[in-house]
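Shown next, in structure tokens, is the structure this report addresses.
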There are 2 protein chains.
Amino acid sequence: MALSHAIMTALLEDTMSGYELAKAFDVSLGLFWRASHQQIYQELHKLAAKGWLQQETVPQAGKPNKIVYALTPVGHVALEAWVLGGSRVQEGKDDLFVKLYNLAEHNASHLAAEIEQRREQMMQRLYLYEKIRRRHYADPATLPVRRKGVYLALLAGIRQGEHTLSWCDEALALLATVDQRP
Amino acid sequence: MALSHAIMTALLEDTMSGYELAKAFDVSLGLFWRASHQQIYQELHKLAAKGWLQQETVPQAGKPNKIVYALTPVGHVALEAWVLGGSRVQEGKDDLFVKLYNLAEHNASHLAAEIEQRREQMMQRLYLYEKIRRRHYADPATLPVRRKGVYLALLAGIRQGEHTLSWCDEALALLATVDQRP
DNA sequence: CGAATTTATGCAATTTATTGCATATTTATT
DNA sequence: AATAAATATGCAATAAATTGCATAAATTCG
């Protein structure tokens, strides 16, 4: 399972609570590995039991206690070993393309709307990414090593987004010739 | 669950056996929705029980019998309804990007090798796609409606592949500046 | 001839992921 | 003052996917 390794990766720099991890997964790492908070909490327990993470309860004035997790040396070694192992190909899962196989006059306008919506979402995401890029990764060559890796992941997200946008445009143009709305 | 709808989509044109479906999923539709044969067989049973598919046992001279599935009118209606419903965002899951967050001198060469491997795979896939495109989708504007949808899905695969290739090149260039192999 | 591969289908166990709920406290809103 | 929202964690049930195995007949290769 790689969720565990994604969690440990997120803990490389900062110690975090489950709640904070869940939020972190919604932004940077979450692009490449999505997980719900229920999954994360369960995984954290397993990893702590294994000795790859250590827990520490932090009492907070005013807020509920939080349980903060940190990578142990053993966990660090396990993570390193995982990085050097083989990757599994990613699994594509996207409704929209399956739906496109069902294209017909009567659903063309609906599919066009879905594509337009996706285009909109991607625009917003790209805007965010570009902002991060300009702020933190303006000059990739001078970054410390680990940050270069993060930069490459960000770049993959950006390239992906650009591809999606241009595909959306092509798709909408073609769908416009099909659409039979009165 | 959308696997069921992906299966029904695959059965829109041809009737197919589970085995044939599993192979079909390895090529065209499989890019957007991956499934093992175990999953497919199970799902076929469920769909047949629901009345969305009908089975027919075909005795074959020389080979084991096969059970061929066809979309029923009820199944067709259900599929149409699904197409008009909302799509759920795709979930990204890719080890490689998580690994990049762990980039360090001692693993840079390994990660570069993984990226090179992925580049190679993508090249082969793109080659296949372009062949299909030239053979069957040379002039998109003149295609019958449903085929236009399939074409758009294919195009997404092609654009995606192109993006991946160019990202691999950028990544390899940056990794070369990190790699400390003697 | 025997071994491996391809065609064809399936069960069972386990791992992953999702859905829905439950709890408890503080801060901000109305 | 009551309500909602954000912080913080978790259980339980179900659904989906993976892994490993099993069967069985035909074909192909050495």
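Numbered from 1 within each chain, the chains take letters A, B, ... in sequence-line order. Treat the numbers as computed from the prediction; the structure is a model and nothing was measured.
For the pair A/E20 and B/S36, both in contact range of DNA chain D, the more 5′-proximal nearest nucleotide belongs to A/E20. Comparing A/L3 and B/Q55 along DNA chain C, the residue whose closest nucleotide (by nearest heavy atom) sits nearer the 5' end is B/Q55.
The distance between atom CD of B/Q39 and atom C1' of C/dT9, rounded to the nearest whole Å, is 16 Å. Atom CD in B/Q42 sits roughly 17 Å away from atom P in D/dG20 (whole-Å rounding). What separates CH2 of B/W33 from C1' of D/dT18 is a distance of 16 Å, to the nearest Å. Rounded to a whole Å, the NZ atom of B/K46 is 14 Å from the P atom of C/dG10. Atoms CD1 (A/I40) and C1' (D/dG10) sit 13 Å apart, rounded to a whole Å. Rounded to whole Å, the distance from CD on B/E43 to C1' on D/dT18 is 15 Å. Taking atom CG of residue A/L44 and atom C1' of nucleotide D/dC11, one finds them 16 Å apart after rounding to whole Å. Atom CD1 in A/I7 sits about 10 Å away from atom P in C/dA17, given to the nearest Å.
Between the side chain of A/K50 and the backbone N or O of A/G75, no donor-acceptor pair lies under 3.5 Å.
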Contact list (N/O, under 3.5 angstrom) for nucleotides 4-6 of chain C vs protein:
none

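A sub-4.0 Å separation between OP1 or OP2 of D/dT9 and a side-chain N or O of A/H37 is absent. Taking side-chain N and O atoms only, A/Q38 has no distance below 4.0 Å to OP1 or OP2 of C/dT19. Taking only side-chain nitrogens and oxygens, B/Y41 never comes nearer than 4.0 Å to OP1 or OP2 of C/dG10.
A salt bridge links B/R159 with B/E162: the distance from a Lys NZ or Arg NE/NH1/NH2 to an Asp or Glu carboxylate oxygen falls below 4.0 Å. Ion pairing of A/E20 with A/K23 is absent here, as no side-chain N (NZ or NE/NH1/NH2) approaches a carboxylate O to less than 4.0 Å.
Using bins of under 30°, 30° to 60° and over 60° for the plane-to-plane angle, the ring pair B/H5/B/W82 lands in the parallel bin.
Under the Watson-Crick or G-U wobble criterion, with both distances below 3.5 Å, D/dT7 is paired with C/dA24.
Using a 4.5 Å cut-off between side-chain heavy atoms of Ile, Leu, Val, Met, Phe, Trp and Tyr, with links allowed through other members, B/V178 and A/L84 fall into different hydrophobic clusters. No single ILVMFWY cluster, assembled from side-chain heavy atoms under 4.5 Å apart, contains both B/V77 and A/Y101.
Between B/K66 and B/Y19, the closest side-chain pair of non-hydrogen atoms is not below 4.5 Å.
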